[in-house]
Amino acid sequence: MEEPACQTLKGLGHCVVKDAPPSVYYFPDYITEAEEAYLLQQVYKAPKTKWTQLKGRRLQNWGGLPHPKGMLAEKLPEWLQKYAERISALDIFAGKTANHVLVNEYNPGQGIMPHEDGPLYYPTVSTISLGSHTVLDFYHPINSAQTDVPQTEESRYCLSLLVQPRSLLVLQDEMYKHYLHGIQGVVQDTLTDRVANLSHATACAGDCLTRGTRVSLTIRHVPKILRAALLLGKK
Ligand SMILES: O=C(O)CCC(=O)C(=O)O
Ligand SMILES: [Fe+2]
């Protein structure tokens, strides 16, 4: 098989994912176990009211609510600002600093439906994973011009990524804009050869991994900020 093309993200070695479009960067062990424990502690220290319970997961929203008219930005707490800055130093947000973090918590058996992250964010998403692995699946969008062929989730499926605890995943460009991503609500993942980053992960095709509770920090940049927020002196 052909060697993967290697590209570099500023200051962070190369880790472009084989068999995936050239806009996937996967860094195993991006943070240490101590940092992971610290981040989990901070997530669970947040007041109960900070959590929003959804069907298959619960989440915390930090930085403000993205809105087509602009986000009323709120300062990120120190513990998130530090990582927002560290990741932004990779220069993945066109010189800007991430100003929005979504914390998602999935118990084993929970997931997220295939979706696009949409136009409110700069088209790059960076994700730090804590506590457990998951498998992120990618799908082609529904092609409304192709009405003769039934388009099932199965037929639209294209590849997966194994996302291990303490890793950083960066998705950009067409991986952000074209493909949909989702996480199946299962308790175990049997890895197939469609998992495109196995050569960068400590696992092999055929392995069966049991999920624990995973917390993800989805770190993004929202370009459109409401002027009111600036006038109020918020960041
Ligand atoms: O937990 C993840 O890694 C994915 C989360 C996600 O897709 C989102 O919040 O939009
Ligand atoms: Fe998403």
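As the structure lists them, so they are numbered: ligands from 1, and atoms in each ligand from 1. FYI, the numbering just counts along the sequence from 1.
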### Message
Quick check on contacts: which atoms of ligand 1 are under 4.0 angstrom from a heavy atom of T127?
### Response
3 (O)

### Task
Restricting to N/O/S, name the atom of D117 that gets closest to the Fe ion (ligand 2).
OD1

### Message
Distance check, rounded to the nearest 0.5 Å: H100 atom NE2 versus N61 atom CG?
### Response
3.5 Å

### Summary
Restricting H181 to its N/O/S atoms, the closest one to the Fe ion (ligand 2) is NE2

### Task
Measure from atom 10 (O) of ligand 1 to every heavy atom in E116, R57, H115, M113 and give the option owning the shortest one.
H115

### Query
What atom name does the N, O or S atom of H115 nearest to the Fe ion (ligand 2) carry?
NE2

### Side-chain (R220) to main-chain (Y122) donor-acceptor, under 3.5 angstrom
no

### Query
Hey, quick one: are V43 and L76 part of the same hydrophobic cluster, counting side-chain heavy atoms closer than 4.5 Å, chains of contacts allowed?
yes

### Task
Would you please test R57 and E105 for side chain to side chain contact (heavy atoms under 4.5 Å, CB included) and show each step?
CA-CA 6 Å; R57 64 192 159 113; E105 183 205 56; over 6 Å; no

### Message
So does L120 get a backbone contact from the side chain of K224, meaning a donor-acceptor N/O pair under 3.5 Å?
### Response
no

#### Entry: Where ligand 1 meets Y106 - atom numbers and elements under 4.0 angstrom, heavy-atom basis
1 (O), 2 (C), 4 (C), 5 (C)

### Whether over 12 other heavy atoms sit under 6.0 Å from K50 NZ
yes

### For ligand 1, the portion of V125 having any non-hydrogen atom under 4.0 Å away
neither

### Message
I'd like to know if the side chain of S216 and the backbone of T218 have a donor-acceptor N/O pair within less than 3.5 Å.
### Response
no

### Query
Taking only heavy atoms of H181, which atoms of ligand 1 are found under 4.0 Å from at least one of them?
7 (O)

### Query
At a 4.0 Å threshold, what atoms of ligand 1 neighbour a non-hydrogen atom of L102?
9 (O)

### Query
Of the protein's non-hydrogen atoms, which lies at the shortest distance from atom 9 (O) of ligand 1, and what is that distance?
N104 ND2, 3.0 Å

### Task
Just jot down the ligand 1 atoms closer than 4.0 angstrom to any heavy atom of R214, in number order.
1 (O), 2 (C), 3 (O)

#### Entry: Heavy-atom donor-acceptor pair, E36 side chain to G131 backbone, under 3.5 Å
yes

